[in-house]
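A short write-up of the structure that comes next.
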Amino acid sequence: MTEAGNARGGERAAPREKPQRIADELRRLIVQGELAEGESLGREPDLVDRFGVSRPSLREALRILETEGLISVRRGVLGGVIVHQPDERLTARTAAMVLQARNVPLVDVYDARSLIEPVAARMVAASRSHRSAAAELRRLTAEQLEAVDDPDAFGQANSRFHSRLVELAGNQTLAIVTEMLNEVVARAVAAVSQPDDAGDATTTKLRGLRSQARLATLIEQGDAGAAEEHWAGHMKIVGRVMLAQRAKTVIDLMQHAF
């Protein structure tokens, strides 16, 4: 039976459900790697034939996937539907928008990160690759030092350090959660780094970088307990600095664009 026939027969939910089923099938193929980054699904007429649906239903399904960042639709003679693998940054920005919409206090976001990172520091220090991890963290600290006079660049470099610290712990779920939190916190770092916010912004940043260097040393030594304790103290102090600034909620902070 056609979609129009279902609607006339009183099954009004069917036209809405079919686009979701199409989106679910394509999403599954993408996330399982059966459709590769940049691969073309063909043009709209091809997909209409493939799924046996009307063009409006197909377009609704494509809009769902496009909103999720899993496809892009190119118009014109050489156009078509192009596949994209899930993008962590897009996910992070979506989470940031949810926090913004709920008017979440900035302290709530920072507290979540402060619970995760000291544990990650302990896990990295206790890992077999703790020496190479320490070397990588030192490199990321050096990148921040190079950007110390550029608030936005410093905020992004600082975010990379925090994200990588958790990634090195080896738990992918924690790493993804941290990436989401860092989309917000990176803006906070940039905001407090503005020259007119405090006369000693550079001094504060340099103190933080020395603390990062200390963490790298503890990780290199394999001292898991000391690494966790040191980083918990670091996060507490940095949190006081950031939360003392003008932006009290995520919605305030998101006004500070990179």
Side-chain angles (χ1 to χ4, degrees), residues 86 88-89 91-92 95-96 99 104-148 153-190 192-193 201-245 250 253:
E88 291 180 2
R89 294 295 293 174
T91 303
L99 294 171
V104 173
L106 183 57
V107 64
D108 192 83
V109 178
Y110 193 82
D111 282 350
R113 196 174 80 158
S114 297
L115 291 171
I116 294 172
E117 289 196 21
V119 174
R122 173 172 55 79
M123 293 170 67
V124 176
S127 69
R128 293 182 178 179
S129 57
H130 61 94
R131 290 187 178 85
S132 61
E136 185 171 355
L137 292 174
R138 287 193 179 102
R139 177 181 60 77
L140 293 170
T141 297
E143 289 181 2
Q144 294 168 75
L145 183 60
E146 292 177 1
V148 75
F154 181 84
Q156 294 178 56
N158 182 266
S159 178
R160 287 193 293 272
F161 177 93
H162 288 274
S163 294
R164 189 59 182 149
L165 172 62
V166 179
E167 288 172 0
L168 288 167
N171 186 291
Q172 294 186 47
T173 302
L174 284 181
I176 292 171
V177 171
T178 300
E179 184 69 25
M180 294 178 184
L181 298 175
N182 282 348
E183 176 65 26
V184 175
V185 176
R187 294 172 185 266
V189 173
V192 302
S193 300
T202 298
T203 300
T204 300
K205 287 185 283 188
L206 292 175
R207 188 181 303 122
L209 297 183
R210 287 195 295 272
S211 180
Q212 290 182 14
R214 173 60 179 162
L215 175 66
T217 297
L218 293 171
I219 288 175
E220 184 177 50
Q221 294 171 350
D223 194 336
E228 180 177 17
E229 181 179 1
H230 170 75
W231 205 241
H234 171 95
M235 297 294 286
K236 183 176 181 180
I237 293 170
V238 172
R240 283 200 211 107
V241 173
M242 287 201 296
L243 298 173
Q245 302 304 308
V250 175
L253 197 57

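When reading the values below, keep in mind they use all heavy atoms of this one structure, side chains included, and skip hydrogens, waters and symmetry mates. Just so you know, these numbers come straight off a predicted model, no measurement behind them.
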- Any side-chain donor-acceptor pair under 3.5 Å between His162 and Glu117? yes
- Rounded distance (nearest 0.5 Å) linking atom CG of Leu137 with atom OG1 of Thr217: 10.5 Å
- Task: Measure the OG1-CG distance between Thr141 and Leu215 for me, rounded to the nearest 0.5 Å.
- Result: 8.5 Å
- Task: Side-chain contact test, heavy atoms from C-beta onward, threshold under 4.5 Å: evaluate it for Ile116 versus Arg113 and give yes or no.
- Result: no
- Report the distance from atom NZ of Lys205 to atom CZ of Phe154, rounding to the nearest 0.5 Å. 5.5 Å
- Query: Would you call Lys236 and Trp231 a side-chain contact if the rule is heavy atoms closer than 4.5 Å?
  - Reply: no
- Message: Between Val238 and Tyr110, does the side-chain contact (heavy atoms from CB on, under 4.5 Å) criterion hold? Intermediate values first, please.
- Response: CA-CA 10 Å; Val238 172; Tyr110 193 82; 3.5 Å; yes
- Message: Distance check, rounded to the nearest 0.5 Å: Ser159 atom OG versus Gln144 atom CD?
- Response: 9.5 Å
- Query: Where the side chain of Glu136 meets the backbone of Ser132, is there a donor-acceptor pair that is under 3.5 Å apart?
  - Reply: no
- Task: Determine yes or no for a side-chain-to-main-chain donor-acceptor pair under 3.5 angstrom, with Ser211 supplying the side chain and Arg207 the backbone.
- Result: no
- Message: Set out, in order, the CA-CA distance, both residues' side-chain angles and the distance that settles side-chain contact (heavy atoms from CB on, under 4.5 Å) for Leu209 and Thr204, then state yes or no.
- Response: CA-CA 9 Å; Leu209 297 183; Thr204 300; over 6 Å; no
- Message: Would you say CZ of Arg131 has more than 12 non-hydrogen atoms from neighbouring residues, nucleotides or ligands within 6.0 angstrom?
- Response: no
- Message: I'd like to know if the side chain of His130 reaches the main chain of Val124, judged simply by a donor and an acceptor atom lying under 3.5 Å from each other, with no hydrogens or angles considered.
- Response: no
- List the atom of Pro118, the atom of Ala232, and the distance in Å for their closest heavy-atom pair. CG-CA, 3.7 Å
- Message: Less than 4.0 angstrom from a charged side-chain N to a carboxylate O is my criterion; do Glu220 and Arg138 meet it?
- Response: yes
- So do the side chains of Val166 and Asn171 get within less than 4.5 Å of each other, counting heavy atoms only? no
- Note on the structure: Output for pair (Glu228 CD, Leu218 CG), nearest 0.5 Å, gives 12.0 Å
- Between CG on residue Leu140 and CZ on residue Arg164, distance to nearest 0.5 Å: 8.0 Å
- Message: Tell me the closest heavy-atom pair linking Leu168 and Ala133, and the distance in Å.
- Response: CD1-CB, 3.9 Å
- Query: What is the minimum heavy-atom distance between Ala125 and Ala227, and which atoms define it?
  - Reply: CB-CB, 4.1 Å
- No-hydrogen, no-angle side-chain donor-acceptor test under 3.5 Å, Gln172 and Glu167: no
- Item | Ring geometry between His234 and His230 (parallel below 30°, tilted from 30 to 60°, perpendicular above 60°) | tilted
